[in-house]
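Since we're looking at a predicted model, the values are computed, not measured.
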Amino acid sequence: MSWRDILRLLAQRSKRLRKNMKSTDGVATNGEQPVFNNGSCISSTSCTENTSVSTTIHRYEGNRRFHNEQDVNYLLPTDTEEDDRVNQQHWLIREAFGSHFSAPVHDLLENGTKVHDAGCGPATFTLEMSKMYPASNFIGTDVSPRFPESIKPKNCTFQVYNVTLPSPFPENYFGYVHQRLLILGLLKDDWPKVIKRHMDTLKPGGWIELTEVSYLKEHLKNAGPHISQCMDTMYSVVAGAGLHPNAGPDLERILKEAGFINVETVTFYMPIKHSGKIGDLFWEDIQMGCNAALKYFISMDPSFKEPGAMQRYLELIGDECSKNLTSMPWMRVYGQKPDNNN
């Protein structure tokens, strides 16, 4: 199955997801729109509903499952719905950038090397790459076992590992490290430490590649008031939890300060609900993400508890972005570990 076929399947599935989001959001009771208290700021532990149930590893809030470990800072759920969203993101990124990666590692992968996919989630990238490059060995890690445990290529393995903790891998081990979209999972102070660990586990001459975004509204193109307000909210939520809401534009600095050379940034402005399939898929991603983050919106404005409030708000944002041709930058940043001769 080609990635174009997969995109068509995702588009069909997104219609079903949209129906599910509308049904879980409820029926609108009035036409009033939420108005944020922009002075608010929250932490990652706030807004626990009365329906919250805890387990050792996970806690359940309503019908969504979240991490329940103190050293895991991921804000969004870790369940099947979130895996669907992350899987769709993989193909969105592949379509937008035109490839699975931008670092000059094709020949390295063809000849055979060890690859670490850090924070792999449901492991769509890991599985696709292991099939494309059978001479290389791929190790996917994540804070929870969301990856397949039995049906996978022979050159692909997985293990539970939190990248903020000491690495289980030896120094000078990997030829390529891949990590993306941990903006909602890494504390701002942890970013340099995590990149330093990746540097240590890379072989001399090896490559690292990161993909991230920014919640700073000033980075948007053609932004209207509704999407700007939404970005302000996400920025406050992420910053209030101690994470890095401007991670994407900051990656180049972090890599260079860690000692990486040949650092390059590739930026793609992702259209929001316009310009064809990419814009449609990204809009689906935004809707799923906002619904997954509903409790944080409620913490900023309790009127989001009203049935239909989130759906009405998203309709305003979608119409505005479609009209204004709004887009959001996604950054791929890669760099090389100096070899022993440098």
Side-chain angles (χ1 to χ4, degrees), residues 71-74 93 97 99-120 125-126 129 133 136-143 159 161-214 216 219 238-239 242-268 329-342:
D71 58 358
V72 176
N73 298 291
Y74 191 61
I93 293 169
F97 286 91
S99 63
H100 288 307
F101 56 88
S102 295
V105 294
H106 172 74
D107 291 344
L108 179 68
L109 295 169
E110 283 278 3
N111 294 329
T113 190
K114 293 183 176 66
V115 178
H116 180 197
D117 187 17
C120 67
F125 175 90
T126 329
M129 290 287 285
Y133 296 100
S136 291
N137 291 308
F138 293 79
I139 301 176
T141 64
D142 200 86
V143 292
Q159 68 182 76
Y161 165 56
N162 185 336
V163 294
T164 65
L165 302 178
S167 177
F169 307 111
E171 294 185 0
N172 305 322
Y173 188 68
F174 295 108
Y176 177 49
V177 171
H178 174 268
Q179 176 184 294
R180 70 185 181 198
L181 298 178
L182 292 189
I183 188 171
L184 298 180
L186 287 184
L187 296 176
K188 186 174 184 179
D189 291 343
D190 281 340
W191 276 93
K193 302 173 188 176
V194 170
I195 299 305
K196 174 61 167 59
R197 289 194 181 97
H198 289 329
M199 168 73 92
D200 291 341
T201 59
L202 270 174
K203 293 180 179 180
W207 293 86
I208 186 172
E209 182 165 347
L210 313 167
T211 301
E212 292 294 343
V213 297
S214 170
L216 193 64
H219 290 302
V238 175
L243 309 179
H244 194 351
N246 197 37
D250 203 26
L251 289 179
E252 189 168 320
R253 177 192 65 82
I254 295 173
L255 288 187
K256 288 179 178 179
E257 289 184 356
F260 284 95
I261 60 174
N262 299 321
V263 177
E264 299 287 345
T265 298
V266 180
T267 301
F268 181 86
W330 289 48
M331 296 85 172
R332 265 185 181 174
V333 183
Y334 59 87
Q336 185 178 29
K337 180 175 180 176
D339 61 33
N340 293 327
N341 297 321
N342 289 344

Yes or no on side chain to side chain contact (heavy atoms under 4.5 Å, CB included) for W330 and L181, after CA distance, side-chain angles and deciding distance?
-> CA-CA 10 Å; W330 289 48; L181 298 178; 3.9 Å; yes

Give the C-alpha distance, both sets of side-chain angles, the deciding distance and a yes or no for side chain to side chain contact (heavy atoms under 4.5 Å, CB included) between V115 and V105.
-> CA-CA 11 Å; V115 178; V105 294; over 6 Å; no

Mind running side chain to side chain contact (heavy atoms under 4.5 Å, CB included) on F260 and I195 for me, showing each step along the way?
-> CA-CA 10 Å; F260 284 95; I195 299 305; 3.7 Å; yes

Begin with the C-alpha distance, continue with both residues' side-chain angles, and end with the deciding distance and a verdict on side chain to side chain contact (heavy atoms under 4.5 Å, CB included) for W207 and N262.
-> CA-CA 10 Å; W207 293 86; N262 299 321; 4.1 Å; yes

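Of the possible donor and acceptor atoms, one in the side chain of Q336 sits under 3.5 Å from a partner among the backbone N and O of G205. Side-chain N or O atoms of E252 include none that pairs as donor or acceptor with a backbone N or O of V263 at under 3.5 Å.
Closest non-hydrogen pair, V213 versus P249, comes out as O-CD, 4.2 Å. Shortest non-hydrogen contact noted between G175 and L108 is O-CD2, 3.4 Å. Annotation for T211 and R332: closest pair OG1-CG, 3.1 Å, computed over non-hydrogen atoms. Here the closest non-hydrogen pair linking S167 and R197 is N-CD, 4.2 Å. For the residue pair F169 and I139, the shortest heavy atom distance occurs at CZ-CG2, 3.9 Å. The shortest heavy-atom contact between L202 and K337 is O-NZ, 2.7 Å.
Aromatic rings of H178 and F101 (six-membered ring for Trp) have centroids beyond the 6.0 Å cut-off, not under it.
With rounding to the nearest 0.5 Å, the separation of CD in E212 from CD1 in I183 is 6.0 Å. For the atom pair F138 CZ and L109 CG, the distance stands at 5.5 Å (nearest 0.5 Å). Atom NE2 of residue H116 and atom OG1 of residue T126 lie 9.0 Å apart, to the nearest 0.5 angstrom. Of the inter-residue distances, the one linking R180 atom CZ with L210 atom CG reads 11.5 Å to the nearest 0.5 angstrom. Rounding to the nearest 0.5 Å places CE of M199 at 8.5 Å from CG of L255. Considering CG of L186 and CD of Q179, their distance stands at 6.0 Å, rounded to 0.5 Å.
Between I93 and F268 there is no side-chain heavy-atom pair separated by less than 4.5 Å. A heavy-atom distance below 4.5 Å is found between the side chains of N246 and H244.
Within 6.0 Å of the NZ atom in K203, the count of heavy atoms belonging to other residues, nucleotides or ligands exceeds 12.
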